[in-house]
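Since we're looking at a predicted model, the values are computed, not measured. Position 1 is the first residue of the sequence; numbering continues from there.
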Amino acid sequence: MKLKNGFITHEIDGEQIMVATGKISFAGLVRSNKTAAFIVDSLKTETTKEAIVDAMTAKYDAPKVVIARDVKAIFGKLRSIGALDE
């Protein structure tokens with residue numbers, strides 16, 4: 001899975017924003033905290049949910065179960081706007 005073509009990100013003052021371009025039906029702006037930005041950046045190349053959870057577990061001092069729950073929640077939000085290419 002990966003971020004669908006047509007979604008681009010940009011970092012401004014330490015905050016990541018994501019917008020849709022082209023023929024994407026989502027017409028809005030997504031502001032991401034550091035956790036969500038890490039997930040979105042990971043999705044810029046083909047990956048899996050498990051690989052993202054493992055990478056976040058290695059980087060952040062948090063229980064794997066909490067990280068997995070957060071990744072699942074972010075995936076749900078990305079799916080709701082049509083940003084995931086699965």
For this session: Could you list all the salt bridge (charged side-chain N to carboxylate O under 4.0 Å, His left out) pairs where at least one residue sits in residues 75-86, not counting sequence neighbours?
Result: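 Found Arg79-Glu86.
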For this session: Provide the full list of salt bridge (charged side-chain N to carboxylate O under 4.0 Å, His left out) pairs with a residue in residues 2-26, sequence neighbours left out, each pair given once.
Result: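 Salt bridge (charged side-chain N to carboxylate O under 4.0 Å, His left out) check on residues 2-26 returns Glu15-Arg31.
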Problem set entry | Step-by-step side-chain contact (heavy atoms from CB on, under 4.5 Å) determination, Leu43 to Ile52 | CA-CA 9 Å; Leu43 288 165; Ile52 293 171; 3.9 Å; yes
Exercise. Can you name the residues that form a ring-ring contact (aromatic ring centres under 6.0 Å, His included) with Phe75, not counting sequence neighbours?
Worked result: none
For this session: Go through the structure and list residues passing ring-ring contact (aromatic ring centres under 6.0 Å, His included) with Phe26, not counting sequence neighbours.
Result: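 In terms of ring-ring contact (aromatic ring centres under 6.0 Å, His included), with neighbours along the sequence ignored, Phe26 is linked to no residue.
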Considering non-hydrogen atoms only, spot the tightest contact between [X] and [Y] and give its length.
X: Ser42; Y: Thr47; result: O-CG2, 3.6 Å
X: Phe7; Y: Gly82; result: CE1-O, 3.4 Å
X: Ser32; Y: Ala37; result: CB-N, 3.8 Å
X: Ile67; Y: Ala62; result: CD1-O, 3.7 Å

For this session: Could you list who else is in Ile12's hydrophobic cluster, with ILVMFWY side chains joined at under 4.5 Å, directly or through other members?
Result: Ile8, Ile17, Val19, Leu29
Exercise. Do Asp41 and Gln16 come close enough that some side-chain heavy atom pair is under 4.5 Å?
Worked result: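 The answer is yes, as the side chains (C-beta and beyond) meet within the 4.5 Å cut-off.
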Exercise. Would you say Lys44 has more than 12 foreign heavy atoms packed within less than 6.0 Å of its NZ?
Worked result: yes
For this session: Determine, step by step, whether Val53 and Arg69 satisfy the side-chain contact (heavy atoms from CB on, under 4.5 Å) criterion, reporting the C-alpha distance in whole Å, the side-chain angles of both residues, the deciding distance to 0.1 Å, and the verdict.
Result: CA-CA 9 Å; Val53 170; Arg69 183 189 65 219; over 6 Å; no
Problem set entry | Value rounded to 0.5 Å, distance of CG in Asn5 from CD1 in Ile24 | 8.0 Å
Problem set entry | Point-to-point distance, once rounded to the nearest 0.5 Å, from CG of Leu3 to CD of Glu46 |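 Result: 11.5 Å between the selected atoms.
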Exercise. Which pairs pass side chain to side chain donor-acceptor pair (under 3.5 Å) with one or both residues in residues 58-67, sequence neighbours excluded?
Worked result: Asp54-Lys64
For this session: In sequence, state the C-alpha distance, the side-chain angles, and the governing distance for Met1 and Thr48, and then conclude on side-chain contact (heavy atoms from CB on, under 4.5 Å).
Result: CA-CA 6 Å; Met1 110 179 35; Thr48 65; over 6 Å; no
